[in-house]
Amino acid sequence: MPVGTTEPIIRMHHVDKHYGQLHVLRDINLDVHRGEVVVLIGPSGSGKSTLCRTINRLETIDSGEILFEGRPLPEEGRELAALRAEIGMVFQSFNLFAHRTILDNVTMGPIEVLRRNRREAEAEAMELLARVGVEAQAKKVPAQLSGGQQQRAAIARSLAMHPKVMLFDEPTSALDPEMINEVLEVMVELAQEGMTMVVVTHEMSFARRVADRVVFMSDGQIVEQGTPSEFFDHPRSARARDFLDSIKGH
Amino acid sequence: MGVAEVFTTFGDVYLRSLLSTWLMTAVCFAGGLALGILATVLRVSPIKPLRVAADVYVQLFRNIPTVSLLVIFVYALPYLGATLPYRACLLCCVILVVSSFASENFMSGINAIGVGQIEAARSVGLSFVQVIRLIVIPQSLRTTVLPMTNLLIATLLTTAMGSQVPLTPPELTGMVNYVNSRSVAGISAFVVSALCYAGTSVALGFLGNRLDERVRIIR
Amino acid sequence: MSADVSMRDALYEAPGPRTQRRVRVGTALSLALLAAFAAFVVRQFSVNGQLDPKYWSFFARWTTWRFLLQGFMGTIHVAFMAGVLAIMGGLLLMLGRISPNRPLSAICHVITDLFRSLPSLLLIYFFFLVVPTYGIRMPAFWMITLPIGLAASGVLAEVFRAGVNAVPTGQVEAAMSLGMTHGRITRRIVLPQALRIVIPSLVSQLVVVVKDTTVAYVVSYPDLMQNARVLISNYDALVSMYFVVAILYIIVNYATNQLSIHLAHRGGTQVLSRVDEKPV
């Protein structure tokens, strides 16, 4: 897997964040390089989702610095919207626009943000929907789709913006077990095509299979990180060992 | 006097009364929606004093009895340097009351959208104005069709307060008084007015249901 | 996290420095605007002599409040009886409507929709102007209470029906599989749960009933509004009295609404108001 040797596309530097009393991110330092697949794992409440959401500033930080392509994240306005257009995000609960068809969901960004014309946008959207396997549902509204189909459509919606990075915030946690694989397959393909990805997940098989690096978080801290085989086979910290033991039971 | 006689004697007054009731309902509903939208915009704005003021506004006008508001407009305001014609007083009162309920409807329409879709819209790179225009307004309008239809019917019923001030022509409820003070109409005048109200309500309800079926968002 | 954020806050995200500046300016401007409005209102009272102590001093007297309280008791009396009537009427209409007897169901449907689509004032005029022409004399109390109760029964019938629909169908099917009859299932399984579900809605409907009672002066029944009118002619203090009465009504209705929201919250149900239902 080609890991860029130049400057990282995402750099988090001494990032801290509190929710009231709760210290959700403690001195986070993390670089993500172009083409790299970074999987964040850890017990619930460890701050991994929050970390993922700070990258496109859905969550603000209290101190520290986040750089995207070497520049600090814009704080508001047009600049922030432009940044978000370059970063794809896939949510746990899909968050498709309930009042629009699947096709409209995918074309909204290209048409409204990138100012592409509708015909082109729709043609490309249909290709993307075909790629994730829901082209037959293009004219339906989100509620008519299964969870797995909705999540794949949501991935297509993000891809339509030609993002430089894709963030996945527990993309399979809200899915019935039989639908998890269809979404993971799409993600594996993306990773194999060289997409830069930050993935928060509980799917250890996915982490093993496609991660370039596994980052283990606990209590708002990055406790350890390494290649999947390093981490899963030889965890260094006690907390990581406890965590891996606790999920093995399942 | 039977219903038929009421029609021959008071037919044209009734017609004008019905049209006037419809017109007042339309004006009050439109005014109420406009003010309700304004109140809602203030209620979700990031400027704290405007939020609080709009919240207070809505609580005041959804809890005040319309008569209580009407007597203030008709009898108290002239002492405070503002004398409005009777019809204007009635329209203002109904508009204020309707706007507070309209704002409550809009707020629940907005709440039904859910934070997730707003975050998703932002993540795609939509600006604040685009999020409002493409997601918030269409969704909240489409989810409030039924509540707004009910509010429209409630507006129709609230214009009955017009019977408490002299109006020419009287609205439908005032007509019962109008007819009974001019002849012994018994139940007939009541029946005619009741049919007008019920007919209008049923028609509005039918249209509202139709519209709702077409635009309802499946969640 | 995001789930705890209300939509109200979610529309605007965490402000950057530019937005923060704008919010500060907006806050200052809006405070100035609100202060100017308040000052204007006070000025209008003042220049028109409405702040004169003679218009307000009688509110310091116990007799004033005792008389208003008597009126309020009248309001409560009407509202309570109308509420009881409406609950009984609404329940009967709803039971009729959900009964397997087709004609009965249709009749109850029509009556429900009719009551829902008539202004309570029109019904009051019916009892005040029309009924007496047939030689029937009614006390003022019933001329106000009956129409309000009838108007509310139409709304409550729909509220009850929504409550019945909220009872999981699985329970009815289970009861049917035990061989229970329709009437028995309704009495034993459906109604007790439906009633619990609609309690907050019944409380919120009280607000509508209280508002309806304010026209009791039409039939000269001594409620809060009517007694306020008596005080107005006694003290020649119209402006102050009408404002005070309006505030009293607002407080009572606000408290009732809050109670209903609290009950709904505690019971994990929703307040079903006329606005939430299918139109007629």
Side-chain angles (χ1 to χ4, degrees), chain A residues 15-25 42-66 68 71-84 87 89-95 97-99 167 169-170 173-174 200 217 220, chain C residues 1-34 158 161-174 197 201 261-262 264-280:
Chain A
V15 169
D16 270 277
K17 179 178 177 68
H18 299 256
Y19 283 126
Q21 296 288 332
L22 196 64
H23 201 163
V24 280
L25 295 180
S44 55
S46 59
K48 51 195 194 304
S49 269
T50 309
L51 188 154
C52 180
R53 291 161 52 87
T54 59
I55 296 171
N56 63 353
R57 208 179 179 274
L58 283 182
E59 302 279 350
T60 54
I61 57 176
D62 298 339
S63 62
E65 198 179 28
I66 302 177
F68 184 77
R71 290 188 305 276
L73 294 191
E75 289 179 291
E76 57 196 322
R78 252 178 239 285
E79 303 82 1
L80 178 58
L83 167 96
R84 284 173 175 161
I87 301 179
M89 175 114 191
V90 176
F91 298 85
Q92 179 177 344
S93 44
F94 333 132
N95 296 342
F97 308 129
H99 63 309
L167 308 176
D169 184 5
E170 304 206 20
S173 297
V200 177
M217 288 185 72
Chain C
M1 281 227 258
S2 60
D4 308 332
V5 181
S6 77
M7 270 307 291
R8 214 174 156 161
D9 297 306
L11 289 185
Y12 294 86
E13 51 187 321
R18 215 185 322 146
T19 316
Q20 278 172 6
R21 251 194 328 274
R22 280 186 203 152
V23 168
R24 272 197 299 275
V25 172
T27 304
L29 279 179
S30 60
L31 278 176
L33 210 71
L34 290 171
E158 286 299 278
R161 204 161 62 92
V164 165
N165 288 340
V167 176
T169 48
Q171 297 192 12
V172 177
E173 283 160 11
I197 293 170
S201 316
I261 292 168
H262 172 77
H265 198 71
R266 218 186 44 185
T269 56
Q270 278 188 329
V271 183
L272 317 152
S273 65
R274 107 175 281 144
V275 195
D276 298 323
E277 300 149 16
K278 255 182 141 37
V280 210

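Note: hydrogens, waters and symmetry copies are ignored here, and every other heavy atom, side chains too, is used. Letters A, B, ... mirror the listed sequences (proteins, then strands); counts begin at 1.
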Q | Inter-residue atom distance A:T50.OG1 - A:Y19.OH, 0.5 Å rounding | A |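 It comes to 4.0 Å.
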Q | Gap between atom OG1 of A:T54 and atom CG of A:D62 - 0.5 Å precision | A |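 So the CG of A:D62 and the OG1 of A:T54 are separated by 11.0 Å.
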Q) Which atoms of C:P15 come close to chain A, meaning under 4.5 Å heavy atom to heavy atom: side chain ones, backbone ones, both, or neither? A)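 Only the backbone of C:P15 comes within 4.5 Å of chain A.
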Q | Closest heavy-atom pair and its distance - C:A14, A:R57 | A |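 Shortest heavy-atom contact: O-NH1, 3.4 Å.
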Q: Would you mind checking which part of A:L80 comes under 4.5 Å of any heavy atom in chain C, side chain (CB onward), backbone (N, CA, C, O), both or neither?
A: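 It is the side chain, since no backbone atom gets that close.
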**Q.** Interchain contact, A:E79 with chain C, by part (heavy-atom threshold 4.5 Å)
**A.**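 Interface part for A:E79: side chain.
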Q: Evaluate the side-chain proximity of A:D169 to A:V90: yes if any heavy-atom separation is below 4.5 Å, no if none is.
A: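 A side-chain contact is absent here, since even the closest heavy-atom pair is not under 4.5 Å.
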